[in-house]
Amino acid sequence: MNQMHKVHAKPLSAAVQRVAAALQAQGHACAPLMLSDAARTAQQAADALGVVVGQIAKSIIFRRLADDAAVLVVTAGDQRVDEARVAALVGPLGRADAAFVKAKTGFSIGGVAPIAHASDSVTLIDQTLFRFQEIWAAAGHPHAVFQLRPQDLARLTGAPVVDVVQAFAPDRSQDAIELIASRAVLARATCQNVPSPCISVCRMSEDTGLCEGCLRTLDEIIQWSGADDPAKRAIWAQIERRLAALKITTD
């Protein structure tokens with residue numbers, strides 16, 4: 001398990017207690033944890049936990065037009081849901097606004113847990129989550145998360161594992177390299193609050209051991225959220241050396 005960052009001792013809200021009770025009832029060992037900072041986005045959660053953004057199991061809610069049911073897609077944080085693929089499985093979909101999400105799930109946007117909904121939701125699990133041994137999901141509040149494995153998610157929800165994300169673009173890695181190079185220039189010019197290298201293309205390369213999106217090692221990704229500005233600039237220096245090496249091999 002990666003070491004937790006920024007854990008807060010704030011009492012659990014009623015919604016988080018509902019998630020905690022559901023986890024306990026199903027024999028899940030990891031209870032919800034409260035972060036000191038909000039984790040409304042997958043990137044915020046990943047930064048707070050010291051994990052790659054793909055390890056964040058984000059909950060996307062749609063409204064099924066046929067019966068006004070909530071459709072929950074639990075997807076990896078570095079993926080985008082393909083609405084057409086979801087609709088092909090469950091029927092035509094509409095937009096789910098904040099009021100709909102709250103009414104159907106009992107949770108506010110930014111804290112929707114994959115379990116313990118106020119009413120039954122049609123649930124699908126993105127198969128790309130199974131790249132990881134450990135993932136994290138929202139636990140009913142923007143500050144609350146809990147740890148699990150992808151297999152646990154399937155067991156806890158009883159939902160099918162499906163392919164419902166947008167196809168990976170062949171040129172995406174090259175686009176990521178160009179973007180990280182431009183952000184490296186910004187990082188050099190920044191004295192405080194050094195920007196994160198993450199650009200939400202979070203795929204660890206088996207060949208290099210580096211993230212294809214930000215050219216960091218897993219250890220560097222984990223260290224980032226707890227690092228001070230000099231340490232962050234040192235990581236950026238490593239990234240720039242890797243960018244230079246890539247340029248030499250591609251020229």
Side-chain angles (χ1 to χ4, degrees), residues 10-23 25-26 28 32-35 37-46 48 53-129 135-146 148 150 152-167 200:
K10 183 178 179 179
L12 302 183
S13 68
V16 180
Q17 290 182 39
R18 190 167 82 244
V19 174
L23 291 171
Q26 295 199 58
H28 187 69
L33 297 169
M34 296 295 291
L35 302 174
D37 297 324
R40 294 182 183 276
T41 68
Q43 188 59 63
Q44 288 174 337
V53 72
Q55 288 177 267
I56 304 303
K58 62 182 179 182
S59 295
I60 308 297
I61 299 287
F62 297 96
R63 180 172 62 88
R64 186 161 64 183
L65 298 179
D67 56 4
D68 211 39
V71 176
L72 167 66
V73 181
V74 187
T75 184
D78 61 349
Q79 302 294 315
R80 292 187 178 182
V81 173
D82 188 326
E83 185 175 335
R85 291 187 178 188
V86 178
L89 294 172
V90 304
L93 301 171
R95 178 176 175 269
D97 61 16
F100 177 89
V101 172
K102 181 69 172 180
K104 293 293 185 177
T105 70
F107 306 123
S108 298
I109 291 175
V112 177
I115 60 171
H117 288 196
S119 58
D120 290 340
S121 298
V122 179
T123 304
L124 304 172
I125 298 173
D126 165 22
Q127 65 182 7
T128 69
L129 282 165
I135 59 176
W136 294 83
H141 186 278
H143 288 248
V145 294
F146 69 98
L148 69 167
D152 296 327
L153 181 61
R155 177 180 64 83
L156 291 167
T157 62
V161 178
V162 293
D163 180 5
V164 288
V165 299
Q166 294 179 6
S200 298

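Each residue takes its place number in the sequence, starting with 1.
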Could you tell me which non-hydrogen atom of [X] sits nearest to which non-hydrogen atom of [Y], and how far apart they are?
{"X": "L72", "Y": "A113", "result": "CD2-O, 4.5 Å"}
{"X": "V74", "Y": "P114", "result": "CG2-CB, 4.0 Å"}
{"X": "A154", "Y": "I125", "result": "CA-CD1, 3.5 Å"}
{"X": "I61", "Y": "A96", "result": "O-CB, 3.4 Å"}
{"X": "Q26", "Y": "R155", "result": "O-NH1, 2.9 Å"}
{"X": "G77", "Y": "K58", "result": "O-NZ, 3.7 Å"}

Output every pair passing ring pair (Phe, Tyr, Trp, His ring centres under 6.0 Å) with a member in residues 66-109, not counting sequence neighbours, ordered by first then second residue.
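Every ring pair (Phe, Tyr, Trp, His ring centres under 6.0 Å) pair that includes a residue of residues 66-109, provided the two are not neighbours, is F107-H117.
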
Side-chain donor or acceptor of S119 paired with backbone N/O of K104 under 3.5 Å:
yes

If we ignore hydrogens and angles and just use 3.5 Å, is the side chain of R80 paired with the main-chain N or O of V165 as donor and acceptor?
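Pair absent, no side-chain N/O of R80 close to backbone of V165.
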
With rounding to the nearest 0.5 angstrom, report the [atom1] to [atom2] distance, [X] to [Y].
{"X": "L129", "Y": "I56", "atom1": "CG", "atom2": "CD1", "value": "10.0 Å"}
{"X": "D97", "Y": "K102", "atom1": "CG", "atom2": "NZ", "value": "13.5 Å"}
{"X": "T128", "Y": "D78", "atom1": "OG1", "atom2": "CG", "value": "6.0 Å"}
{"X": "H143", "Y": "L35", "atom1": "NE2", "atom2": "CG", "value": "8.0 Å"}

According to the side-chain hydrogen bond (donor to acceptor under 3.5 Å, both in side chains) rule, which pairs have a member within residues 62-76, sequence neighbours left out?
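The answer is R63-D68, R64-D67, T75-D126.
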
Under 3.5 Å, which donor-acceptor pairs link side chains of residues 14-21 to any protein atom two or more places apart or in another chain?
unit_1 : atom_1 : unit_2 : atom_2 : d
Q17    : NE2    : L12    : O      : 2.9
R18    : NE     : A116   : O      : 2.9
R18    : NH2    : T105   : O      : 3.1
R18    : NH2    : A116   : O      : 3.2

Exactly one candidate in I135, I115, L23 meets side chain to side chain contact (heavy atoms under 4.5 Å, CB included) with L148; the answer is I135

Residue of the set V122, V101, V81 for which side chain to side chain contact (heavy atoms under 4.5 Å, CB included) holds with F62
V81

H141 and M34: side-chain contact (heavy atoms from CB on, under 4.5 Å), yes or no, with the steps?
CA-CA 9 Å; H141 186 278; M34 296 295 291; 4.0 Å; yes

